[in-house]
Number of protein chains: 2
Amino acid sequence: MAAKRRDAPSKGDQRVQAILDAAEVLLERERAEPMTVESIAKGAGILRGSLYFYFGSKQEVLAALVARTVAQLHMEDPAADLDAPVRDIVRQAVRNTARTWREHATVMRAAVEFGPEVPEIGQLWRDTIANNTKVMARVLVRAGLPDEDGPTGAAALAQALCWMTERNFYHASTQPGGLDHMTETMVEIWCRVLPGGNPCSS
Amino acid sequence: MAAKRRDAPSKGDQRVQAILDAAEVLLERERAEPMTVESIAKGAGILRGSLYFYFGSKQEVLAALVARTVAQLHMEDPAADLDAPVRDIVRQAVRNTARTWREHATVMRAAVEFGPEVPEIGQLWRDTIANNTKVMARVLVRAGLPDEDGPTGAAALAQALCWMTERNFYHASTQPGGLDHMTETMVEIWCRVLPGGNPCSS
DNA sequence: GAGAAAAATCTGCACTGTGTCGAAATTTTT
DNA sequence: AAAAATTTCGACACAGTGCAGATTTTTCTC
């Protein structure tokens, strides 16, 4: 089904952002106030019917919010220094990921949770993980893992480790101090997978 | 809120299972027919109002279905031979997990997806992973990883690796042949994390 | 500045899906 | 056979979503 959303006019641009801001606030206080079209519109300063001028459905609002956050992640993502020692690259990459979870946990958890039921969000999220995987696969190849396509090639290991990192940070982000603790655990595992397998902590 | 469900009578026991069976079928054909109270009741051979005699809500049906499946997993889970070589234990454990995903993928994916919004399912699923973690932590300690509580102790690594396995099998279970491919990848990573870090494939 | 066009908002409507509850039917027990 | 318990039915109320025409506001053109 084609999206109903029209090209946004300039005043509408502000309204679109207000709608997305309102949706994000509701995600953060989901226990206290369930996210409905009514509550999103109220938070954006319009009535329910008006919201459909900008978005075709509540799912489209969520997809746009996730897209906005993912775009922000890309802008904030520091370019990796791929000439540094591999373990330093890995450590820095994990730390950067932890930072994005710290700063955008609510929307990132929403991306994980709504991905299965909103195809657009699911694809956005998988693409985000795929981008990370591509970079980290090159790092693993540089470290000496086989540059091949099989289940034990660098690409497969990188993908599996990126999903591990996503899943563990997803859980850790709900607990105070969880991300710092989990960062050390993620670095430890990534490093142990590298050839030579020396743990980072020793 | 206390569950409204009453103690189930003997004829009702059969009806409860029929309801859970109907719910499972609908999960499997979710693209073709959305799961509603109406469609669950229809599949169980009753009208909508009758379903509420057995379950307080649709969420309770889902929680009972996940509980039934998790109980079944426990029954099917072969006791690990903890005296075997560690790498054989790891390989067998991953294969067993792959088999449970192969045989119960639909309900297990539902457990992952509904966990965030249905607390009872979330707890059930976390408990399941915690049980696996406990066993695998002991295996990692046997392999020589530090038996301590810090972020790089055996317990933390086991937990992170179990969530990695869950996440990767979740994705792999949606693709033909995906679980076999992923099994090799999971074994490879688990083995590389073990002291000595020798990959299983070499 | 006025009028036309476009954009934005409002309001009522229709619909789906969930959960409730009293009445009726069926089954079980005495 | 009658009473009690269990199970089912069906109508009701409600929340939430999305639609569409009317109205209002804003922007654009002359």
Side-chain angles (χ1 to χ4, degrees), chain A residues 1-23 26-27 29-65 110 114 117-121, chain B residues 1-23 25-27 29-65 110 113-114 117-121:
Chain A
M1 175 195 291
K4 201 188 82 177
R5 187 178 178 288
R6 305 162 179 79
D7 289 333
S10 56
K11 183 183 175 185
D13 282 343
Q14 290 180 316
R15 190 68 86 185
V16 163
Q17 295 308 317
I19 290 169
L20 300 186
D21 289 344
L26 285 165
L27 280 180
R29 17 189 338 270
E30 203 158 22
R31 304 288 171 114
E33 183 176 9
M35 170 180 287
T36 64
V37 177
E38 175 80 15
S39 58
I40 299 174
K42 186 180 177 188
I46 56 181
L47 288 180
R48 228 169 24 79
S50 307
L51 193 140
Y52 291 96
F53 178 74
Y54 300 99
F55 294 96
S57 66
K58 190 170 88 171
Q59 286 198 340
E60 280 193 27
V61 174
L62 285 169
L65 176 59
F114 289 106
E117 77 190 74
V118 184
E120 194 176 0
I121 297 182
Chain B
M1 173 192 296
K4 205 188 81 179
R5 187 179 179 285
R6 306 162 179 79
D7 290 330
S10 56
K11 184 184 175 186
D13 284 342
Q14 290 181 316
R15 189 67 86 188
V16 163
Q17 295 307 317
I19 290 169
L20 299 186
D21 289 343
V25 167
L26 286 166
L27 279 181
R29 12 187 346 268
E30 203 159 24
R31 305 285 171 113
E33 183 177 7
M35 171 181 285
T36 63
V37 176
E38 174 81 16
S39 57
I40 298 174
K42 186 179 176 186
I46 54 178
L47 290 180
R48 234 173 12 84
S50 305
L51 194 140
Y52 292 94
F53 178 75
Y54 299 99
F55 294 95
S57 65
K58 189 170 87 169
Q59 286 197 342
E60 280 194 28
V61 175
L62 286 170
L65 175 58
E113 293 167 9
F114 288 105
E117 76 190 75
V118 184
E120 193 176 1
I121 296 181

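Order of the sequence lines fixes the chain letters, A, B, ..., with proteins taken first and strands second; residue numbering starts at 1 for each chain.
At whole-Å resolution of the value, CG in B/L51 and P in C/dC21 are 16 Å apart.
Applying the 4.0 Å criterion to OP1 and OP2 of C/dC10, one finds that A/S50 has a side-chain N or O inside that range. Side-chain N/O atoms of B/R15 include one lying less than 4.0 angstrom from OP1 or OP2 on D/dT8.
Side-chain proximity of A/F53 to D/dC9, D/dT7, C/dA7: nearest is C/dA7. Side-chain atoms of A/L47 lie closest to C/dT11 of the nucleotides C/dA7, D/dC9, C/dT11.
Minimum interatomic distance between A/A22 and A/G43 (heavy atoms only, all atoms of both residues): CB-C, 3.7 Å.
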Below 3.5 Å between N/O atoms, which protein atoms pair up with nucleotides 16-18 of chain D? Just atom names and distances, please.
residue : atom : partner : partner atom : Å
D/dT17  : OP1  : A/K58   : NZ           : 3.0
D/dT17  : OP2  : A/V37   : N            : 2.8
D/dG18  : OP2  : A/Y52   : OH           : 3.3
D/dG18  : OP2  : A/K58   : N            : 3.1
D/dG18  : N7   : A/R48   : NH1          : 3.1
D/dG18  : O6   : A/R48   : NH1          : 3.4
D/dG18  : O6   : A/R48   : NH2          : 3.1

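Residue pairs satisfying the side chain to side chain donor-acceptor pair (under 3.5 Å) criterion with at least one member in residues 31-41 of chain B, sequence neighbours excluded, are listed as follows: B/R29-B/E33, B/T36-B/S39, B/E38-B/R48.
For B/L62, the side-chain contact (heavy atoms from CB on, under 4.5 Å) test picks out B/M35, B/F114, B/I121, with sequence neighbours left out. With sequence neighbours left out, B/A41 forms a side-chain contact (heavy atoms from CB on, under 4.5 Å) with B/I46, B/L51. Here A/Q59 pairs with nothing under the side-chain hydrogen bond (donor to acceptor under 3.5 Å, both in side chains) rule; sequence neighbours left out. Qualifying side-chain contact (heavy atoms from CB on, under 4.5 Å) partners for A/A64, counting only residues two or more places apart in sequence or in other chains: A/L20, A/F55.
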